[in-house]
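Contents: one structure, followed by commentary.
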Number of protein chains: 2
Amino acid sequence: MTLAVREAVSSELSNKRGEQVAADLAMGRQATISNALCTAFGQGSCTEFLSSRRLTSFRKNDVIYNVGDHDRVFFFIKSGFVKVGATTSSGSDVIYDLRRSGDVVGELCLTETERPDWAIALEKVETVAVPLYEIRQILAAKPAMMAAMIDVFGHTLKDAYGQINTLAADGTVRRLANVLSVLARKVGRQAGPMVEIPIYLTQEEIAQMVVARRERISTALNTLRRNGVVQYTTRGLLMVDQDKLEALSDLSFG
Amino acid sequence: MTLAVREAVSSELSNKRGEQVAADLAMGRQATISNALCTAFGQGSCTEFLSSRRLTSFRKNDVIYNVGDHDRVFFFIKSGFVKVGATTSSGSDVIYDLRRSGDVVGELCLTETERPDWAIALEKVETVAVPLYEIRQILAAKPAMMAAMIDVFGHTLKDAYGQINTLAADGTVRRLANVLSVLARKVGRQAGPMVEIPIYLTQEEIAQMVVARRERISTALNTLRRNGVVQYTTRGLLMVDQDKLEALSDLSFG
DNA sequence: GATTGTCAGTTACCATTGTAACAACCTGGA
DNA sequence: TCCAGGTTGTTACAATGGTAACTGACAATC
C-alpha cells in the first residue's frame, strides 16, 4: 500500500510526468485538460509546491468534503478515484463527475463560501490539500495557473451542459451509453479490443451518474452486454466497446 | 392527479418557513457577479476598451453564434436579453441560461474550438464582439480580468450543476418553480409585492428552460397562477412571488 | 375585414420510468 | 462455518410525462 502511494507520488514529481501526459494525450483531450491544473502547479518554481506538502489521505467511502461545509480548500488528487456529486432535496444522490489522480476536487469553493457539492473517495485516495488563500496567492503569482484554472472550469462546464443535454433528450439506455462513453474516455485503459474502466462502480453509483433508478441500469447493462457493447461480471470491472458505444449515442433515429 | 398536484403545492406553500434568503442580497450578488467581467473590462486603462469599439447588434431571433461555429469571439452584452442553449440529437432545443446587459456570451470558446452551444437574441440586442486572441491579451495583461473570468465560469458551473440536480429530483412543477425563481433573481425587477420578469418568454421557451413539453408548462403555470404564485396574462410579462416560489422549489442550490 | 401564423389551454392515449418487492448470489466478519 | 449485509437480476403496478390532436384568442399583414 505505502509502496503504491510512494510510487504514485514520485511519478507525479519526477520526469515520469512526460509519460503520463503522453498517455493522456493518447487517451484523449479530456484527460489532458484534467491534468492541466496539476501540471501548472508542478511547473518551474512550483515543483516543490505540492511535493513539500503533507498528504491528506482518505479511505474508501470517506467524505472529503460535504454539502454545506465552509472549508475553502482545493484537493489535488495524487492517487485514487473520487466521486463528486450532491444530494437532492428528495434524498437521492446525483454524481456529477469522477475525478482521478492529476485532477483537482473542490474547485467550486473558489466562488462559493459554502460547498454546494460533496466529494467522496471511491477507494483509498491520497490528496494534497491547499487552502483557498494559498491558491489565490499562486494564481496571482502565476498567470499560467490562472489559464489552467479557467481551462478546468471551462471543460467541466461543457461536460455539465452535456449532461443536461442528454438528460433532456435521451432515454435511459442512451444516457447510460453516454456515461460509459465519457467514463471510458476519461479514466479508461485500453485492454485489447475494448476499454477497461479501472475502478469498480456499483450499479447504484452508475445509476447516480446516469440519473435513473438502479433497476433500469441493471436491465440496460444487460441489454448492452447481450449486444456485445459491454462486458462485465458480478462485482467485476466494466469493459466497454467504444465504437459500439459511440454508434449507440449517435443514433438519431430511435 | 391534478388534485394531488394542487395539494402538494398548497402544502408546500402553507408551511413556508420564513427564511430570509434575502431576495435583495441574492439579487445583488448575482448581478454583481454577472457584471464582474464587464466591470473588470471597464476598469482603469481599459475604460475605453469597450466604449471605443463598434457595436454589433442583433434583431429578435437573430443567431449570435451557432452550434459548430468556429468563430472564437466573446460577446459583451450592452443591452437586451440573450438565450444560450443547444439543440439535442432529437431536434428539440434546451435553454441553459439567459444573459442580459452586463453579461458575456460565448465564453466557452475559450476552451473549445467549436461552439458546443448557440446564442440567440430574445429581442434587439447590442453587443461588443471581442475576438479570443484579444481576450487572451487582456487576460494576460490584467490579472483582475482573469479572476473575473474564473468567477463567471464558477458561477455558471454552479448553476449548471443546480440544473442537473433539479432535473434529477423534481417533477415538472418544481422544476418550473426553480426556473422561475432563478429567473426572478437574475433578471427580475421588484414590482410592488411581486417580482416582474422584464422579458417576454413564450411557454415554449420556458419549457426549454424547464426541460419539459410546452403543454406541461401550460398546466403547471396555471396551477401556480391559481395558487397565487405567479400572475400573467396571455402574451404578457410574468410576475412571480419570490417567497412562495422559494417555498415551493426549496432551492438546494440557491 | 379576411387571412395567416403564433400562442395558450386542454384532452385522451400511450411509452417510459419510478416503486416496491423478492430471490439469488457473493463477501466479509463473527 | 454460517450469517448478515450488500449487490445484482427481475417482475408487477403506479405515476409521470410525452404525443397528438384540436380549440380559441390574438396580432400582423394584406
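So you know, we letter chains A, B, ... as the sequences are listed, proteins then strands, and number each from 1. Below, all heavy atoms of this structure are taken into account, side chains as well, without hydrogens, waters or symmetry copies.
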| task | Answer yes when B:Asp97 and B:Lys83 have at least one side-chain N-carboxylate O distance shorter than 4.0 Å, and no when they do not. | result |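 Here B:Asp97 does not pair with B:Lys83 in a salt bridge, since their nearest N and O are not under 4.0 Å apart.
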Next on the checklist: Please determine whether a side-chain nitrogen of the Lys or Arg among A:Glu126 and A:Lys124 lies less than 4.0 Å from a carboxylate oxygen of the Asp or Glu.
Outcome noted: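 The answer is yes: the pair qualifies as a salt bridge.
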DNA chain C: 5'-proximal contact among A:Arg175 and A:Thr234 (nearest heavy atom):
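Final value for this comparison: A:Arg175.
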Practice task
With DNA chain C as reference, determine whether B:Tyr232 or A:Val173 sits nearer its 5' end, using the nearest nucleotide of each.
Solution key: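 On the 5' side of the pair lies B:Tyr232.
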Expressed in angstrom and rounded to an integer, what is the separation of [X] atom [atom1] from [N] atom [atom2]?
X        : N      : atom1 : atom2 : value
B:Leu176 : D:dT16 : CG    : C1'   : 16 Å
A:Arg235 : D:dG6  : CZ    : P     : 11 Å
B:Arg174 : D:dT16 : CZ    : P     : 13 Å
B:Leu237 : C:dA8  : CG    : C1'   : 16 Å
A:Leu224 : D:dT8  : CG    : C1'   : 16 Å
A:Arg226 : D:dG9  : CZ    : C1'   : 10 Å
B:Asn61  : C:dT6  : CG    : C1'   : 12 Å

Would you verify whether the NZ or CZ of B:Arg115 falls within 45 degrees of the ring axis of B:Tyr65 while also being under 6.0 Å from that six-membered ring's centre?
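That pair qualifies as a cation-pi contact.
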Please enumerate all residues that pass side chain to side chain contact (heavy atoms under 4.5 Å, CB included) together with A:Thr202, with sequence neighbours excluded.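 For A:Thr202, the residues satisfying side chain to side chain contact (heavy atoms under 4.5 Å, CB included) (neighbours in sequence not counted) are A:Tyr200, A:Glu204, A:Glu205.
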Would you please say whether a donor-acceptor pair under 3.5 Å links the side chains of A:Tyr96 and A:Asp159?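 There is no such pair between these side chains.
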Quick check against the 3.5 Å criterion: does A:Arg99 have a side-chain atom that pairs as donor or acceptor with the backbone of A:Val104?
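Looks like yes, one N/O pair under 3.5 Å.
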### Query
Do the side chain of B:Glu196 and the main chain of B:Ala191 share a donor and acceptor less than 3.5 angstrom apart?
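Judged by distance alone, no pair lies under 3.5 Å.
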**OP:** List in numerical order all residues of residues 200-217 of chain B for which some heavy atom is under 4.0 Å away from an atom belonging to DNA chain C.
**Re:**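 The answer is B:Tyr200, B:Thr202, B:Gln203, B:Arg214, B:Glu215.
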If you compare every side-chain N and O of B:Thr172 against the phosphate oxygens of D:dG17 (OP1, OP2), does one of them come in below 4.0 Å?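 Affirmative; the distance criterion is met.
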Side-chain N,O (A:Asn222) to OP1/OP2 (D:dT8) below 4.0 Å
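Result: no.
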NA contact type, B:Arg225, heavy-atom cut-off 4.0 Å: base, sugar-phosphate, or nothing?
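Sugar-phosphate only.
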